[in-house]
2 protein chains.
Amino acid sequence: MSKSIFTSEYAVFRDSLRELRTEKGLTQSQLSETLGMPQSFVSKYEIGERRLDMIEVRAICQSLGTPLSVFVKKLETSISASKKGART
Amino acid sequence: MSKSIFTSEYAVFRDSLRELRTEKGLTQSQLSETLGMPQSFVSKYEIGERRLDMIEVRAICQSLGTPLSVFVKKLETSISASKKGART
DNA sequence: CGCATATATCCTATTTTGGGTTATCCTAAG
DNA sequence: CTTAGGATAACCCAAAATAGGATATATGCG
């Protein structure tokens, strides 16, 4: 188990979260408000400066109108795709 | 978004992870070894003394032979169930 | 009881986080 | 080009969380 947050998995994860937000047409500030957190919080986790646990991701997904299970499924697909693309 | 890890969601999450391990008949030490982490790591996250991010949970699920998406789906079901049961 | 196995707890140096504030970066308008 | 406004990133640092080896506790067995 990697201890670094600079692996492709983490990169894909962050991109997925940001994509979900922008798809909904929300700014970091707008999302942060529905979450009851400061804008810097959203910025930090999208950049990878702050880790999110499963329950937090679930809350974010809910704020963005997507069930956690749906998000995770897409995430798995994206991670697989990113691995396929990687040269060995 | 709650900042506490002492909500029913977190409790259900922890129980689910422990259940997944015991179902596979593994001890904390055995799992920790496949993860390349100390036994105290497994103990801590099962107790809630240590948070796990999505990618870490994914690695644990893989070590336990269960896709993350499957785990998450069960988790959602369990959380819903725990909410249904809660008195208002 | 004595030993073995599983899990929890200790300890503290190191790492991460919180969040208001400020800086940077775009984009569009004048 | 200059100014304005909005979105996002970076600052700062006290406070909180983590790492992991060592140790304690708990449980089961002969």
Side-chain angles (χ1 to χ4, degrees), chain A residues 1-66 68 71 75 78, chain B residues 1-66 68 71 75 78:
Chain A
M1 161 176 276
S2 167
K3 287 154 193 168
S4 164
I5 63 171
F6 299 109
T7 64
S8 64
E9 279 93 342
Y10 280 103
V12 171
F13 172 67
R14 291 193 289 267
D15 290 348
S16 298
L17 269 185
R18 191 189 293 253
E19 211 174 286
L20 186 59
R21 174 177 62 81
T22 55
E23 273 176 6
K24 304 293 179 177
L26 291 185
T27 66
Q28 292 185 348
S29 291
Q30 292 173 321
L31 172 57
S32 72
E33 199 161 340
T34 79
L35 291 171
M37 302 289 255
Q39 171 265 330
S40 56
F41 170 79
V42 176
S43 173
K44 282 181 180 178
Y45 78 63
E46 287 191 355
I47 287 174
E49 202 170 305
R50 206 271 203 194
R51 292 185 185 222
L52 292 175
D53 66 37
M54 180 84 73
I55 307 301
E56 289 174 328
V57 173
R58 181 166 178 273
I60 291 168
C61 285
Q62 285 188 325
S63 285
L64 292 171
T66 299
L68 179 63
F71 175 76
L75 178 65
S78 300
Chain B
M1 161 179 273
S2 166
K3 287 154 192 167
S4 166
I5 62 171
F6 298 110
T7 64
S8 63
E9 279 94 342
Y10 280 103
V12 170
F13 172 67
R14 292 193 288 267
D15 289 349
S16 298
L17 269 184
R18 191 188 291 253
E19 210 174 286
L20 186 59
R21 174 178 62 81
T22 55
E23 274 176 7
K24 305 292 178 176
L26 291 185
T27 65
Q28 293 185 347
S29 291
Q30 291 173 320
L31 172 57
S32 72
E33 200 162 339
T34 79
L35 290 172
M37 302 290 255
Q39 171 266 328
S40 56
F41 170 79
V42 176
S43 173
K44 283 179 179 178
Y45 79 61
E46 286 192 355
I47 287 174
E49 204 169 304
R50 207 284 202 180
R51 291 185 184 222
L52 292 175
D53 66 38
M54 182 83 72
I55 306 302
E56 289 173 328
V57 173
R58 181 165 177 272
I60 291 168
C61 284
Q62 284 187 326
S63 285
L64 292 171
T66 299
L68 179 63
F71 175 76
L75 178 64
S78 299

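Naming convention: chains lettered A, B, ... in sequence-line order (proteins, then strands); numbering from 1 in each chain.
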Visitor: Please state how far atom CG in B:Leu31 lies from atom P in C:dT7, giving the value in whole angstrom units.
Guide: 10 Å
Visitor: In whole Å, I'd like the distance from the OH atom of B:Tyr10 to the C1' atom of D:dA17.
Guide: 13 Å
Visitor: Strictly below 4.0 Å: does B:Gln30 bring a side-chain N or O up to OP1 or OP2 of C:dT5?
Guide: no
Visitor: Just checking B:Lys44: base, sugar-phosphate only, or nothing, at a heavy-atom cut-off of under 4.0 Å?
Guide: base
Visitor: For A:Glu46, answer base if it contacts any base atom (sugar-phosphate contacts may also be present), sugar-phosphate if it contacts only those atoms, and nothing otherwise; contact means non-hydrogen atoms under 4.0 Å.
Guide: nothing
Visitor: Between B:Thr22 and A:Met37, just flag the one whose closest nucleotide in DNA chain C comes earlier from the 5' side.
Guide: B:Thr22
Visitor: What is the distance, to the nearest angstrom, from the CD1 atom on B:Ile5 to the C1' atom on D:dA16?
Guide: 12 Å
Visitor: Measure CG/B:Asp53 against C1'/C:dT15 and give the value in whole Å, please.
Guide: 15 Å
Visitor: Taking the side chain of A:Phe41 as heavy atoms from C-beta outward, which of C:dG18, D:dA9, C:dA8 is closest to it?
Guide: C:dG18
Visitor: Between D:dA9 and A:Gln39, counting only base atoms on the nucleotide and side-chain atoms on the residue, is there a donor-acceptor pair under 3.5 Å?
Guide: yes
Visitor: Check B:Arg14 with B:Glu46, please: is the shortest side-chain N to carboxylate O separation under 4.0 Å?
Guide: no
Visitor: Round to the nearest Å and state the distance from A:Arg51 atom CZ to C:dT17 atom C1'.
Guide: 12 Å
Visitor: D:dT8, OP1 or OP2 - any side-chain N/O from A:Ser43 closer than 4.0 Å?
Guide: no
Visitor: Mind calculating the distance between CG (B:Leu52) and C1' (D:dT18) to the nearest angstrom?
Guide: 12 Å
Visitor: Would you indicate which nucleotide in D:dT18, C:dA8, C:dG19 comes nearest to any side-chain atom of B:Arg50?
Guide: D:dT18
Visitor: Kindly compute the distance separating CG (A:Leu26) from OG1 (A:Thr34), expressed to the nearest 0.5 Å.
Guide: 7.5 Å
Visitor: When the nearest nucleotide of DNA chain C is assigned to A:Glu56 and to B:Ser29 on a heavy-atom basis, which residue is associated with the more 5' position?
Guide: B:Ser29
Visitor: Base, sugar-phosphate alone, or nothing: which one does B:Thr27 contact when heavy atoms must sit under 4.0 Å apart?
Guide: sugar-phosphate
Visitor: Which atoms form the tightest heavy-atom contact between B:Tyr45 and B:Leu17, and what is the distance?
Guide: CE1-CD1, 3.6 Å
Visitor: Give me the atom names and distance for the closest heavy-atom approach of A:Lys24 to A:Leu64.
Guide: CE-O, 2.9 Å
Visitor: Whole angstrom is fine here: how far is it from CD in B:Glu49 over to P in C:dC11?
Guide: 13 Å
Visitor: Does the pair B:Glu56/B:Arg51 count as a salt bridge with the N-to-O cut at 4.0 Å?
Guide: no
Visitor: Could you say whether A:Lys3 or A:Arg18 is positioned toward the 5' end of DNA chain D, judged by the nucleotide with the nearest heavy atom to each?
Guide: A:Arg18
Visitor: Output the single nucleotide from D:dT18, D:dG20, D:dT8 whose closest atom is nearest the side chain of B:Pro38.
Guide: D:dG20
Visitor: Between atom CD in B:Gln28 and atom P in C:dA4, what is the gap in whole Å?
Guide: 21 Å
